[in-house]
Amino acid sequence: MDSHRRVFEAVTDLISEGIAIDLVTVTNQMREKRLFKDESRDLEYITSLYKDTVPFQPLDYYVRRVKRISDRRKYVEALNQAIDKVKIEPGENDSVFSLVEQSLMDISRQERSKGLRKVKDDANALIDYIKNVVAASQNGTGGINGLKTHFTGLDMATTGLKSHELMILAARPGNGKTTFALNIAANAALKERKTVVIFSLEMSRIELLLKLISADARIDSYALKAGTLTSAQMTQLKDSIGNITSASLYIDDSGYLTIQEFSARLRQLRTTEEVGLVIVDYLQLMSDPKAAMGGRQQEVANISRGLKQMAREVGCPIIALSQMNRSIENRSKDQRPQLSDLRESGAIEQDADIVCFIYREEMVKPPEELDPNKRGMAEIIIAKNRAGATADFPLMFNPKISRFDNVPL
């Protein structure tokens, strides 16, 4: 049906722009995009669609729209005055045109200043930043001025995850990338008291919660699922359920998720919560219908760019899990992952501020060739760190309890 198509086009445009869907926003979008054929009949149709929905007042949208209309009215007024000046102002054309240009520039100066700013305007912010860095170095936090993951090697290399950063966490299947991300999420929520949002496109929320509880209680996840728990473990389990369910954790396990839906849901949550960390499991399962026609490479490029933009917009780090190419398995000598092993690596590598790999030697070597010291160990490889140096560091890994731990000094 043609009316459905036109309304749907307006709705998808609004979602991509992060604007909430309601009667006013859809109507305005259709009018501005010239999607109306018979405006009175189309308005009646849209109203009939909207009457059974729950209204939500997107205040930001209305503020922006009022501002835009106000600016345009000022432009119209200035143009009318300019016409009068051109007609009656004495003097040479150059001076008349200069007056007209100045009146228009005065209106647009405030809006344009959002893009180009003199660096002297940043002096106070720069001084405050340096003060915070120095304070973090002196107060026993080891110079960590971002979000602490409580994994010592990662925190030391990055000085904590920053509010604008996109971190890519990649590994071959079975190496524990979801577990590592969940451990970071639990540390941020429980130890740093941050609001953490998890978008899971592969596992259900119950599966994720079981992993979180298993790691917090240090209980074998198989025993947890099988129900073969001792009385002591039951006590630990109750405590952990209380810990996890009282934390400020949000889980979206919709399964299918476009980058537009991801952005819209984060923006909506931000109206009520100060988001401290976002995790996406995993990047290649996201989609972008608008870019899909350009091929998978273009689609992934749009998704990774969208994730980076949302980290800046929401003001919190985003950790996106990523697949790796199977070609790594064909390397006979060294199967340690590298940046080129990222699937659709070009755009992901470019957009990421940090790229981490998980490498477990026991997953690639037969038992008789494995160094005994490598059993139960994982190596975290920081292959890219835009704000610092690359580094490698070991962690202990126990898949039975879904947990990574620092290696004791």
Asker: Among residues two or more places apart or on two chains, list those pairs meeting ring pair (Phe, Tyr, Trp, His ring centres under 6.0 Å) that have a residue in residues 270-315.
Answerer: none

Asker: Using modelled atom types and a 3.5 Å cut-off, is there a donor and acceptor pairing between side-chain atoms of Lys384 and backbone atoms of Ala352?
Answerer: yes

Asker: Could you give the distance from CD1 (Ile279) to CG (Leu182), rounded to the nearest 0.5 Å?
Answerer: 6.5 Å

Asker: For Ser254 and Leu257, indicate whether the former's side chain and the latter's backbone hold a donor-acceptor pair under 3.5 Å.
Answerer: no

Asker: Testing the basics here: between Ile318 and Ala311, what is the closest heavy-atom pair and its distance to 0.1 Å?
Answerer: CD1-N, 3.6 Å

Asker: Report the distance from atom CD of Glu379 to atom CD of Glu361, rounding to the nearest 0.5 Å.
Answerer: 8.5 Å

Asker: For Asp392, give me all partners under side chain to side chain donor-acceptor pair (under 3.5 Å), at least two apart in sequence or on another chain.
Answerer: Arg336

Asker: Using the test side chain to side chain contact (heavy atoms under 4.5 Å, CB included), find all partners of Ser287 that sit at least two apart in sequence or belong to another chain.
Answerer: Tyr256, Thr258, Pro289, Glu299

Asker: Tell me, please, which residues at least two apart from Arg265 pass salt bridge (charged side-chain N to carboxylate O under 4.0 Å, His left out).
Answerer: Asp252

Asker: Give, for atom CG of Leu169 and atom CD1 of Ile358, the distance between the pair rounded to the nearest 0.5 Å.
Answerer: 4.5 Å

Asker: For residues 176-189, pull every pair meeting side chain to side chain donor-acceptor pair (under 3.5 Å), keeping only residues two or more places apart or in separate chains.
Answerer: Thr178-Asp281, Thr179-Lys211

Asker: Could you report the tightest heavy-atom contact between Ser221 and Pro399, atom names first, then the distance?
Answerer: OG-O, 4.4 Å

Asker: Arg375: which residues meet the salt bridge (charged side-chain N to carboxylate O under 4.0 Å, His left out) condition with it, sequence neighbours left out?
Answerer: none

Asker: Can you sort out the partners of Lys308 under salt bridge (charged side-chain N to carboxylate O under 4.0 Å, His left out), two or more places apart, ordered by chain and number?
Answerer: Asp353

Asker: Would a 4.5 Å heavy-atom cut-off, applied to side chains only, mark Pro337 and Ile381 as touching?
Answerer: yes

Asker: Quick one: are Pro317 and Lys162 in side-chain contact, heavy atoms under 4.5 Å?
Answerer: no

Asker: Work out which heavy atom in Ala247 is nearest to a heavy atom in Leu190; give both atom names and the distance.
Answerer: CB-CD2, 3.8 Å

Asker: Do the side chains of Thr158 and Thr149 get nearer than 4.5 Å, heavy atoms only?
Answerer: no

Asker: I'd like to know if the side chain of Gln284 reaches the main chain of Gln323, judged simply by a donor and an acceptor atom lying under 3.5 Å from each other, with no hydrogens or angles considered.
Answerer: yes

Asker: Output the distance between atom CD1 (Ile303) and atom CD1 (Ile259), rounded to the nearest 0.5 Å.
Answerer: 6.5 Å

Asker: To the closest 0.5 Å, what do you measure between OG (Ser214) and CZ (Arg403)?
Answerer: 9.5 Å

Asker: With distance as the sole test, does Asn385 use its side chain to make a donor-acceptor pair with the main-chain N or O of Thr390 at under 3.5 Å?
Answerer: no

Asker: I want to check something: taking the side chain as every heavy atom from C-beta on, are Leu161 and Ile319 in contact at a cut-off of under 4.5 Å?
Answerer: yes

Asker: Any side-chain to backbone donor/acceptor pair from Arg172 onto Met324? Under 3.5 Å, distance only.
Answerer: yes

Asker: Are the charged groups of Glu165 and Arg386 less than 4.0 angstrom apart, N to O?
Answerer: no

Asker: With a 4.5 Å cut-off on side-chain heavy atoms, are Asp253 and Leu208 touching?
Answerer: no

Asker: On a heavy-atom basis, which atom in Asp220 and which in Tyr222 lie closest, and how many Å separate them?
Answerer: OD1-N, 2.8 Å

Asker: State which residues pass salt bridge (charged side-chain N to carboxylate O under 4.0 Å, His left out) with Glu362; sequence neighbours excluded, sorted by chain then number.
Answerer: Arg360

Asker: For Leu307, run the side-chain contact (heavy atoms from CB on, under 4.5 Å) check against Val280, Ile168, Val278 and tell me which one passes.
Answerer: Val280

Asker: Apply side chain to side chain contact (heavy atoms under 4.5 Å, CB included) to Leu229 and Gln236, showing your working.
Answerer: CA-CA 10 Å; Leu229 300 173; Gln236 290 175 276; over 6 Å; no

Asker: Apply side chain to side chain donor-acceptor pair (under 3.5 Å) to Ser248 and list each qualifying residue two or more places apart in sequence or on a separate chain.
Answerer: Thr195

Asker: Which distance, rounded to the nearest 0.5 Å, do you find between the CD1 of Ile401 and the CG of Leu224?
Answerer: 12.0 Å

Asker: Identify the two heavy atoms, one from Ala185 and one from Leu277, that lie closest to each other, and give their separation to 0.1 Å.
Answerer: CA-CD2, 4.2 Å

Asker: Do Leu154 and Met167 touch side chain to side chain, with heavy atoms closer than 4.5 Å?
Answerer: yes

Asker: Under 4.5 Å between any side-chain heavy atoms of Pro408 and Met396, yes or no?
Answerer: yes

Asker: Just to verify, what does Thr152 make a side chain to side chain contact (heavy atoms under 4.5 Å, CB included) with, not counting sequence neighbours?
Answerer: Met156, Asn406

Asker: For Met310 versus Ser263, what's the shortest heavy-atom pair and its separation?
Answerer: CG-OG, 3.4 Å

Asker: Are Arg305 and Asp351 ion-paired here, with the side-chain N under 4.0 Å from a carboxylate O?
Answerer: yes

Asker: Taking the side chain as C-beta and beyond, is there a heavy-atom pair between Gln233 and Ile219 under 4.5 Å?
Answerer: yes

Asker: With sequence neighbours excluded, what pairs up with Asp288 under the side chain to side chain donor-acceptor pair (under 3.5 Å) test?
Answerer: Gln260, Asn302

Asker: Could you list all the ring pair (Phe, Tyr, Trp, His ring centres under 6.0 Å) pairs where at least one residue sits in residues 160-205, not counting sequence neighbours?
Answerer: Phe151-Phe180, Phe180-Phe404, Phe199-Phe262

Asker: A quick test of your reading: do over 12 heavy atoms of other residues, nucleotides or ligands sit less than 6.0 Å from CD of Glu274?
Answerer: no

